[in-house]
Amino acid sequence: MKNRRDFLKTSAVLSAGSMLALHGSKAFAAELVSLFPHATEFELPPLGYDFAALEPFIDAQTMQIHHGKHHQTYVTKLNEAIAKDAALHHQSLEQLIKNILSFPEASRAAVRNHGGGHWNHSFFWQLLKKDTTPSANMQKAIVQNFGSMEQFKKDYEKAALSVFGSGWAWVIKDATGKLLITTTPNQDNPLMDIAPVKGTPIIGIDVWEHAYYLKYQNKRADYAQAFWNVLNWNKVEELYQLK
Ligand code: MN3
């Protein structure tokens, strides 16, 4: 529950739900849904730091446009899709992206692209911070899964370069606790029911050109290398420790 407005909406829906229990009519239920068309409404999360905080590795103008324009557009379009389809109401962002195949076909592309875009960028902003280092525990996990830190970085940069067109490269923790490198096209991610390789992301790099073109132009390899200077290892470890 993000704010008072949501609280009021939720309270209204809850009390309407009790009325529904008394009333017991499907038509009445449909009418209730139409009364609360924006029952789930997402908002652009604050970046949490200055646009210039990642300079010189990611420039302030890129951050400003990426957060304020690109991410905002995913949020706006996701909300538009939700307003049009009652099947998408009252769901968390994770519920939406984990259950794409369960929604009416007309809404699936919107949830996949804009719900994915909203989740991926909300995740990405939290992963960025200068001057952090992996703890001994995190280094051990990397060595166990990839051989060495150097090998891991090489493999991850290679994955970032291997994405044809727009997409993301990820490090995920799979169901057995193993760390894997994987990539997804567009705004897909490894939490989605449609993802061929599933797991919980602990690292992600946005390799859409909008993420790096102003500073790096066509040199995605330079951007992927610079990424290590802004990866927030504290956040990575926090995600790694989650069950
Ligand atoms: Mn992006």
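Start at 1 and go down the list; that is how both ligands and their atoms are numbered.
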### Message
Less than 4.5 Å apart, side chain to side chain, heavy atoms only: is that true for I194 and R112?
### Response
yes
### Query
Taking ILVMFWY side chains as joined if any heavy atoms are under 4.5 angstrom apart, and letting links pass through other members, which residues group with L214?
I65
### Task
Mind checking side-chain contact (heavy atoms from CB on, under 4.5 Å) for P45 and listing every partner two or more places apart, or none if nothing turns up?
H71, H118, S122
### Task
Classify the angle between the aromatic ring planes of F146 and F152 as parallel (below 30°), tilted (30 to 60°) or perpendicular (above 60°).
tilted
## Note on the structure
N232 meets the side-chain contact (heavy atoms from CB on, under 4.5 Å) criterion, sequence neighbours left out, with K129, T132, N234, K235
### Task
Mind listing the protein N/O/S atoms less than 2.8 Å away from the Mn ion (ligand 1)? Waters don't count.
H66 NE2, H121 NE2, D206 OD2, H210 NE2
### Query
Between W119 and F42, is the ring centre distance below 6.0 Å?
no
